[in-house]
There are 2 protein chains.
Amino acid sequence: MNTIFKALNDPTRREILQLLKDRDLTAGEIADQFNISKPSISHHLDLLRQADLVQSVKEGQFIYYSLNTTVMDEILTWLMQFRKKKKK
Amino acid sequence: MNTIFKALNDPTRREILQLLKDRDLTAGEIADQFNISKPSISHHLDLLRQADLVQSVKEGQFIYYSLNTTVMDEILTWLMQFRKKKKK
DNA sequence: AAAGTATTTTTATATTTGTCTAAATATATA
DNA sequence: TATATATTTAGACAAATATAAAAATACTTT
């Protein structure tokens with residue numbers, strides 16, 4: 001849960017997730033969407049992968065990144081606990 | 001959304017939310033649950049308040065903190081967007 | 001009014017994080 | 001095999017963050 005929130009605690013990384021919502025993208029395609037160096041994006045992708053929020057698949061010289069929505073469910077469950085009633 | 005995720009990106013702050021799930025607590029009662037100085041806890045509470053995840057009410061010399069679950073809904077909505085289908 | 005309790009603010013420090021450049025790895029093409 | 005392309009790794013630096021100690025503020029009680 002720690003690594004998940006750490007990964008989500010960055011505007012660039014959240015924007016990457018938004019991009020991947022539409023379709024899978026290569027690391028280069030993702031980097032092209034930002035005014036940030038490729039190594040930086042690579043690092044962001046690494047953190048997202050550590051949190052299991054994205055998955056990467058190598059295809060030839062490209063590495064395709066895709067969204068892993070199952071982890072989102074984990075956060076959802078965590079959030080839901082707070083909906084329970086409290087003692088008065 | 002930035003301040004929310006920033007606030008959630010800390011184990012101590014998430015644990016504070018868990019404590020407040022059961023019942024409202026004063027800053028001192030919260031601090032007693034951790035091996036961290038009161039100023040530190042005060043700072044954590046400040047970040048949680050900035051994110052509107054908690055609310056504080058002064059009662060005499062005490063300040064009671066309580067959970068504000070409406071912000072959780074905002075995160076929930078943000079998470080839900082990723083459930084949409086992607087282009088093939 | 002003085003002393004005590006609850007909490008925050010200020011200041012300082014150590015650690016973590018985001019970013020860059022340069023170098024390394026891996027694959028493709030000529 | 002040499003060169004180009006895609007991506008990551010390594011190393012360095014500045015900015016942000018968590019924490020603590022000390023001081024300040026606010027309320028309560030004596």
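This one's a predicted model, so the numbers in the text were calculated from it and none came from an experiment. Residue numbers start from 1 in every chain, and the chains themselves are labelled A, B, ... in the order their sequence lines are given, proteins ahead of strands.
- Atom-to-atom, NE2 of B:His44 to P of D:dA18 comes out at 6 Å; the value is rounded to the nearest Å.
- B:Val57 is not listed as a side-chain neighbour of B:Ile63, based on a closest heavy-atom distance of 4.5 Å or more.
- Note: CD (A:Gln61) to C1' (D:dT8) measures 14 Å, nearest angstrom.
- Protein atom CG of B:Asn2 is 12 Å distant from nucleotide atom P of D:dA16, rounded to whole Å.
- At a threshold of 4.0 angstrom between heavy atoms, the contacts of B:Ile41 with the nucleic acid are absent.
- The distance from atom CD of A:Gln55 to atom CG of A:Leu20, rounded to the nearest 0.5 Å, is 11.0 Å.
- Side chains of A:Gln18 and B:Gln81 form a contact here, defined as non-hydrogen atoms less than 4.5 Å apart.
- For A:Arg13 and A:Asp46, the salt-bridge test fails: no basic side-chain N is under 4.0 Å from an acidic carboxylate O.
- Here the CG-CD1 distance, from A:Asp52 to A:Ile4, works out to 8.0 Å after rounding to the nearest 0.5 Å.
- For the pair A:His43 NE2 and D:dA12 C1', the computed distance is 14 Å after rounding to whole Å.
- The side chain of B:Pro39 sits closest to D:dA22 out of D:dT5, D:dA22, D:dT8.
- Within 4.0 Å of B:Arg49, counting heavy atoms only, lies no atom of the nucleic acid at all.
- Contact check for B:Tyr65 versus B:Ile30: side-chain heavy atoms found under the 4.5 Å cut-off.
- When the side-chain nitrogen and oxygen atoms of B:Ser40 are compared with OP1 and OP2 of D:dA20, one or more of them lie within a distance under 4.0 Å.
- Rounded to an integer number of Å, the gap from CD1 of B:Ile63 to P of D:dC27 is 9 Å.
- Taking atom CG of B:Asp10 as the reference point, atom P of D:dA16 lies 18 Å away to the nearest angstrom.
- Residue A:Phe62 contributes atom CZ, which lies 11 Å from atom P of D:dT5 at whole-angstrom precision.
- Residue B:Ser37 has no polar side-chain atom (N or O) positioned under 4.0 Å from OP1 or OP2 of D:dA21.
- With a cutoff of under 4.0 Å to any heavy atom of chain A, the contacted region of DNA chain C is bounded 5' to 3' by C:dT17 to C:dA28.
- No engagement by B:Ile30 is indicated, since no non-hydrogen atom pair under 4.0 Å with the nucleic acid exists.
- Between B:Trp78 and B:Phe5, the ring-plane angle classifies as perpendicular under the 30° and 60° cut-offs.
- Checking A:Arg13 against B:Ser56, the closest nucleotide of DNA chain C that is more toward the 5' end is the one next to B:Ser56.
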